[in-house]
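So that the names make sense, note that chain A is the first sequence line, chain B the second, and so on, each numbered from 1.
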2 protein chains.
Amino acid sequence: MSKKYKIAIIGFGNVGQGLAKLLSDKQTLLSEKFGIDISTVAVCDFLKGSVADPDGLDHNELLRHIEEHGNLNKMQTPFSGWDAEETIAKSGADILIELAYTDLKTGEPALSHVKQALSNGMHVSMTNKGPVALAFPELRKLAADNNVQIGIEGTVMSGTPSLSLGNDMLLAAGITKIQGILNGTTNYILCEMEKGLEYQVALDQATDLGYAEADPSGDVDGHDAAAKVVILGNLFMGLDLTLSDIDCTGISAITSKDIENATLENKHWKLIGTVGKTESGFIASVKPEMISKNHPLASISGATNALTYSTEILGDVTIIGPGAGRLETGYAVIEDILAIHKNS
Amino acid sequence: MSKKYKIAIIGFGNVGQGLAKLLSDKQTLLSEKFGIDISTVAVCDFLKGSVADPDGLDHNELLRHIEEHGNLNKMQTPFSGWDAEETIAKSGADILIELAYTDLKTGEPALSHVKQALSNGMHVSMTNKGPVALAFPELRKLAADNNVQIGIEGTVMSGTPSLSLGNDMLLAAGITKIQGILNGTTNYILCEMEKGLEYQVALDQATDLGYAEADPSGDVDGHDAAAKVVILGNLFMGLDLTLSDIDCTGISAITSKDIENATLENKHWKLIGTVGKTESGFIASVKPEMISKNHPLASISGATNALTYSTEILGDVTIIGPGAGRLETGYAVIEDILAIHKNS
């Protein structure tokens with residue numbers, strides 16, 4: 001007998017659609033292997049419209065409407081037109097899936113959605129870095145006060161279970177430092193520059209491939225990676241970091257000449273995020289570093305991400321996997337729901 | 001309020017002593033962060049003697065006796081001299097920690113210990129490959145029938161949480177193939193040969209460093225890695241493999257000339273364990289392979305181990321970490337106990 005979870009999805013872009021596809025494809029597996037049955041009772045998107053059905057929406061129907069109409073306006077459902085606040089209040093969901101856009105300055109509107117849901121006794125899964133980078137200690141307390149859980153696996157390395165690895169399995173080994181390649185766009189650009197491309201050409205290519213945003217500054221200036229360093233430091237080091245604590249340098253000043261010089265020394269330029277304890281406090285930085293070929297992060301190529309946990313007992317443990325993607329990030333939500341199920 | 005677990009340790013060699021050290025050092029962390037309090041009520045070693053105390057043995061005392069006397073015979077405890085069978089029957093432990101030696105032919109005596117414990121309603125954690133490689137389906141059923149759990153994290157990559165990663169987090173992503181560098185001794189030898197050493201010199205060096213056993217055939221012939229392939233295939237692919245199903249070739253035929261030729265082609269020789277589904281069934285092998293420098297396993301150096309899960313949803317996810325070691329393997333037992341606690 002599977003346990004039923006009702007979810008409400010806020011934000012139905014790439015990740016939300018990827019999640020709907022996974023929930024459709026993996027329903028039997030999730031029920032038989034993990035004992036959970038996930039029913040989507042509401043979808044709310046600022047641009048694409050909102051639908052709700054307490055008996056569960058059909059995931060394939062949701063995807064068909066997006067494909068055919070670009071929105072959900074023609075879908076026949078018991079309720080429609082709710083905004084995010086109404087969706088959280090009225091949908092009857094057990095878990096809020098917050099996938100709206102990331103604003104790294106205010107965390108809004110996602111932050112308000114998450115607070116409302118936690119206060120109403122709903123679990124939350126989010127792939128949004130904003131609220132986590134800006135307000136995780138507050139959200140963690142709010143969740144504890146309301147006896148619910150927050151899942152944030154998708155905020156770092158998409159569905160690659162990098163945070164669960166640290167939290168569930170390595171915390172007891174004594175984590176002393178975390179280093180990673182946390183942004184796929186910049187790693188792709190640096191790898192293409194090693195192949196001989198100029199910075200701007202490599203950046204344009206990354207944009208064409210959908211790795212970089214139309215405004216790529218969040219990637220190339222290091223702010224996206226810095227938000228992930230904030231999350232890692234707060235989650236695993238007991239720190240209380242905000243973005244302004246991160247010593248952050250992007251890759252836009254790296255020249256083809258710098259890349260050539262590194263190659264001559266048998267080294268690679270990588271944009272490395274670091275957080276660690278020191279005798280006087282902590283270091284937390286994002287900056288381009290020239291690392292030797294036998295460094296565990298040296299061979300990470302293209303848009304792949306990687307994270308190395310340095311621990312007292314196990315030494316270095318590294319996880320490598322995708323850092324972005326529609327299905328990959330949607331899968332992070334499923335990991336969060338499985339964790340909520342396991343810890344309930 | 002921590003939940004108390006009483007454990008009985010069978011086999012008090014390197015791993016058992018490493019575990020005792022960790023339990024002494026990490027007691028506060030395990031209680032405060034994870035809510036568990038682990039009390040060792042019995043230690044039984046065929047050579048070093050056996051002691052038991054229902055109120056819990058002092059871990060530092062155990063280690064002091066081993067250091068000073070090489071055995072536990074002078075330790076004053078309420079009970080002593082029990083053999084393994086008596087220890088399991090009389091110690092009152094909730095969890096059997098089976099750390100006796102690995103016999104890959106019969107799995108004994110560990111297999112009998114594990115069966116007795118499961119039948120008596122005790123959970124089991126073991127770092128022993130033998131019983132798992134030979135009889136895991138039977139043991140899994142026995143555990144289910146008795147409503148207890150089996151932890152086997154330490155059987156592959158020591159305390160690097162490679163099995164939990166697959167089982168807890170990647171199974172829902174659809175694992176299609178698993179490849180890994182699963183034996184540190186052979187990887188060390190191949191890396192040293194790349195630096196110019198002859199095979200025999202590199203092997204002697206591995207023995208001196210304690211990586212290889214006095215009889216290194218289990219490592220260099222690939223049988224140690226093959227046992228891990230059996231475990232991975234049975235755990236994640238729903239297969240029912242035994243050692244004889246593995247197409248196994250060791251590294252002893254690799255010459256310095258082979259290594260040189262690989263280097264000229266910008267490639268590395270690695271002993272790769274593989275298990276995967278195919279249209280006609282499965283492949284399961286251990287063999288030396290010449291892999292290119294951008295393969296995720298190419299940069300794994302020295303005695304480090306690595307495992308790549310190929311999945312439908314996330315593509316490749318790789319974990320890299322230690323494959324052996326006293327504290328590292330002892331930590332695997334702590335991970336097993338944490339998992340037993342979480343799933344209870």
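Residue pairs meeting the ring-ring contact (aromatic ring centres under 6.0 Å, His included) criterion with at least one partner in residues 151-187 of chain A, sequence neighbours excluded, do not occur; the list is empty.
With a 4.5 angstrom heavy-atom cutoff, L22(A) touches chain B only via side-chain atoms. Of the two parts of L29(B), only the side chain, counted from C-beta on, holds a non-hydrogen atom closer than 4.5 Å to a non-hydrogen atom of chain A. In this structure, the portions of L327(B) lying under 4.5 Å from any heavy atom of chain A include both its backbone and its side chain.
Comparing A173(A), G321(A), G325(A) by how many heavy-atom pairs each has under 4.5 Å with chain B, the most go to A173(A). Contact count against chain B (heavy-atom pairs under 4.5 Å) is highest for L314(A) among L165(A), L314(A), I300(A), L30(A). For chain B, the option among G159(A), P161(A), A172(A), A306(A) with the highest count of heavy-atom pairs below 4.5 Å is A172(A). Residue with the most contacts toward chain B among L338(A), L170(A), I334(A): L170(A) (heavy-atom pairs, distance under 4.5 Å). The candidate with the highest count of non-hydrogen atom pairs below 4.5 Å against chain A, out of A339(B), G330(B), P322(B), is P322(B).
Put simply, CD1 on I320(B) and CD1 on I319(A) are 10.0 Å apart, with the number rounded to the nearest 0.5 Å.
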Taking atom types as modelled, which donor-acceptor pairs link chain A and chain B at under 3.5 angstrom?
from	atom 1	to	atom 2	distance (Å)
K26(A)	NZ	E312(B)	OE1	3.0
D168(A)	OD1	K342(B)	NZ	3.3
M169(A)	O	Y331(B)	OH	2.6
A173(A)	N	Y331(B)	OH	3.0
S299(A)	OG	S299(B)	OG	3.3
E312(A)	OE1	K26(B)	NZ	3.0
T318(A)	N	I320(B)	O	2.9
T318(A)	O	I320(B)	N	2.8
I320(A)	N	T318(B)	O	2.8
I320(A)	O	T318(B)	N	2.9
Y331(A)	OH	M169(B)	O	2.6
Y331(A)	OH	A173(B)	N	3.0
K342(A)	NZ	D168(B)	OD1	3.3

